[in-house]
Amino acid sequence: MTSSRYRGRPRRTRPHIWVRVVHAVLGGAAGIVWLMLPGMTTSADAPVAITREEQLAPPATTTAQEDDGTSAVDLVLPVAVLATVGALAAYGHVRRVRRARTRTTPGGTTTGAPPAPPPLTDLDAQARSALVEADDCVRASREELSFAEARCGPEAVAPFVRAVLEADGELSAAFRMRRRYDEGHPEEEAARLHALAGMVGRCREAGRRLELAAPAFRRLRDLEGNLTPALETAEARFRDLAGRTAAAEATLADLATRYSPAATASVTGYPEQAKDRLVFATTHLNHARQAADSGRPEEAARHLRAAEGAVAQATTFVEAVHELAAWLRQAADMVPAALTGAEAELSASRTAARAEGEPYARLLHADAELAAVRQELTSGRPHDPLNALRRIVHATVPLATGRTGVLPAAALLTAQAAVAAADDFIATHRGTVGVTARTGLAEAGRLLAAGSPADLPRADALGLEARERAELDVRLHGNPYPEAAGHERGTSGAVSGGILPGVAPDESPAGFGCP
C-alpha cells in the first residue's frame, strides 16, 4: 500500500519518462537528417576540366545568390522540425500534469473534495456480515476445541482457550456497538459511519486472534499425521451420545405429560434433530476411516471435523432437553414462594400508594396478573411453571422493594432459561440465523453476566426475543438441500447448523480459526 505521506504526489512513472526520451531522440534524428541533406544532394557527375581563364574569371552573382538561397532553406527546415517536436513535447507534458492534478485514482492528487465515504447502507451490510462471520468463527472454534481438550487435556489447550476468550471479548464489544447503533446511537451520520467501521474492526481483531493461534492448534491436533486418536475420541463420544439421545426422547415425552405444550416448545423436535446430526456424523466418520486407510490424510481430516461438528450439535440438542427438565422442576417448586413474596411486595406498596395515579394503576395490573397465575396453578390443568414465574417477576418488577429474596432468584432462573434456550438454538442453526437475533442474545448474555437483579427481567425478555427472531430466520431460509435432490442425509441440517458452508456444502467444514 502507498504511504499516506506520498499518496497525494503525482507519480512519474517509467513509461512517461521513456515517452519523453523517444520524443527527444526522434527530434534530434530528424534535425541531423535535414542538416545532412545538402551534402547528400551534391552532384555526383564526373569531374569536368576547368580552363585557366575560368579559374581567373570572377564568380557570377546569380550563382552566389542561388547558393545562399539553398543554404538558407537547408537550415530553416531542421529548425522548424525541432520547434515542432519541442512544441508537441511541451503540449504532452502540460496534459499529463493537468490529468495528474485532477484524477482521483491512487498515484494522482485531488485538488477538489476528498473521495466520498461508502454509503451508510453499504457499510451497514458489511458490519452485519462481519458480525455473523465472527460469531460463527468463535462458535466453531469452541466446538473443535472441546474435542482437542478431550484427547490432549486442559493444560495442552489452555493457550487456545485464552485465544477463544479474547476473540469472544472483541466480538462482545462489537455486538454492544451494534446494539447501540440499532437503538439510534449515535445520531449523526458521520458518527454512525465511524461506529459501523468500529464494528468491522472489532470483528477483524477477533478473527486475527484466532488466526494467530490456529497454526499451533493444528499442530497440536495433527489430524493429517495422526488421525487415529482423534477419530477414536469422536467415535467414543458418538456412541455415548446415541444412548443419551434415546434418554432425551423419553424425558421429553415425560415432560409432555406433566406440563403444557408451551412449556416444552423450546425443545420440541430436538431429539429428532439430534438423530439427524448423528446420521450425518456416522456417514463422515465412515468416510474418514476409509480415507485414512486409503492414504488420503487431508480428506480424512476434513470428514472427521465435519463429524465432530455434527456430534457437538447433537450434544447441544440432547443437553437442552435435560436442562429444560431441570428448570421446569425448579420453577414449579419456586412458584408458590414467588407468589407469596410478590403479594408481600404488593402489600407494602399498596400501603404507601395513593388511590389515584400511576402507582395505583400498576398495583391493579400486578394484582390481576398474580390472580391469573394463582388460578392457573389451582385449575389442575398442565401449565408452564417457567412462564408462570416469569409473569410474577414482570408484574412485580416496577413495584418491588427488595424485601424478599425469592423474586430476584425467580428472575435469575427465568433469565438463565431464556438466554440458554436462545443460545442453543442459534448455535445449532447458525448457518441461517442473522445478526439481529445474535445481537439480542449478546445483550441478554451481557446483562445476565452482570448479575444485577434490576437487569435480569430485561435479560429474560431479550433472550425470548432473540429466540423468536432466530426461529423466524430459519423459517424464512427454508431447506435448500433436500435429500431428494441427491444430497446425503443430514446435509441440510449440517448446512443450517453452520457445520458445512451453505454456498458449497462439499467444501471444508468449519473449525478452529477463521475460514
Side-chain angles (χ1 to χ4, degrees), residues 252 254-268 323-422 440 444 447-448 451-469 471:
L252 184 58
D254 178 65
L255 294 177
T257 62
R258 298 168 58 188
Y259 304 108
S260 67
T264 58
S266 62
V267 297
T268 298
E323 286 178 354
L324 177 63
W327 282 323
L328 288 173
R329 287 194 299 269
Q330 293 181 46
D333 294 339
M334 194 178 293
V335 166
L339 272 174
T340 303
E343 289 172 349
E345 292 282 358
L346 295 184
S347 177
S349 299
R350 190 178 293 107
T351 302
R354 297 181 179 179
E356 58 184 1
E358 186 177 0
Y360 188 71
R362 289 179 177 176
L363 281 170
L364 291 178
H365 171 74
D367 280 333
E369 193 70 24
L370 295 181
V373 171
R374 189 175 292 279
Q375 182 180 3
E376 184 179 87
L377 295 179
T378 58
S379 65
R381 294 190 301 269
H383 63 280
D384 182 356
L386 273 173
N387 185 58
L389 206 59
R390 182 174 289 119
R391 292 164 63 186
I392 295 171
V393 170
H394 285 270
T396 55
V397 160
L399 304 169
T401 60
R403 291 182 175 87
T404 176
V406 67
L407 292 180
L412 177 62
L413 179 62
T414 56
Q416 287 175 336
V419 172
L447 295 175
L448 179 62
S452 173
D455 292 333
L456 293 176
R458 180 60 177 160
D460 178 39
L462 286 173
L464 295 175
E465 292 174 6
R467 171 64 186 257
E468 291 175 0
R469 179 63 197 215
E471 290 178 346

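FYI, the numbering just counts along the sequence from 1.
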Under 3.5 Å donor-acceptor, S347 side chain and E343 backbone: no
Using atom types as modelled, flag every donor-acceptor pair under 3.5 Å from a side chain in residues 405-416 to any protein atom, sequence neighbours excluded.
{"from": "T414", "atom 1": "OG1", "to": "A410", "atom 2": "O", "distance (Å)": "3.2"}
{"from": "T414", "atom 1": "OG1", "to": "A411", "atom 2": "O", "distance (Å)": "3.0"}

Set of side chain to side chain contact (heavy atoms under 4.5 Å, CB included) partners for E471, sequence neighbours left out: F425, R467, R475
Pairwise side-chain contact, V419 with L447, heavy-atom cut-off 4.5 Å (strictly under): no
Let me have the donor-acceptor pairs involving side chains of residues 454-463, under 3.5 Å, with sequence neighbours excluded, atom names and distances please.
{"from": "D460", "atom 1": "OD1", "to": "R390", "atom 2": "NE", "distance (Å)": "3.0"}
{"from": "D460", "atom 1": "OD1", "to": "R390", "atom 2": "NH2", "distance (Å)": "3.2"}
{"from": "D460", "atom 1": "OD2", "to": "R390", "atom 2": "NE", "distance (Å)": "2.7"}
{"from": "D460", "atom 1": "OD2", "to": "H394", "atom 2": "NE2", "distance (Å)": "3.2"}

side-chain hydrogen bond (donor to acceptor under 3.5 Å, both in side chains) partners of E369, counting only residues at least two apart: R391
Reported [atom1]-to-[atom2] distance for the pair [X] and [Y], which is rounded to 0.5 angstrom:
X: L370; Y: T396; atom1: CG; atom2: OG1; result: 7.0 Å
X: H383; Y: L328; atom1: NE2; atom2: CG; result: 9.0 Å
X: L386; Y: L324; atom1: CG; atom2: CG; result: 6.5 Å

Where at least one partner belongs to residues 324-340, residue pairs that pass side-chain hydrogen bond (donor to acceptor under 3.5 Å, both in side chains), sequence neighbours excluded: none
Nearest non-hydrogen partners of A388 and V335, listed with the distance: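 For A388 and V335, the tightest heavy-atom pair comes out as CB-CG2, 4.3 Å.
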Non-hydrogen atoms of A466 and A422 that approach each other most closely: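 Closest approach of A466 to A422: CB-CB, 4.2 Å.
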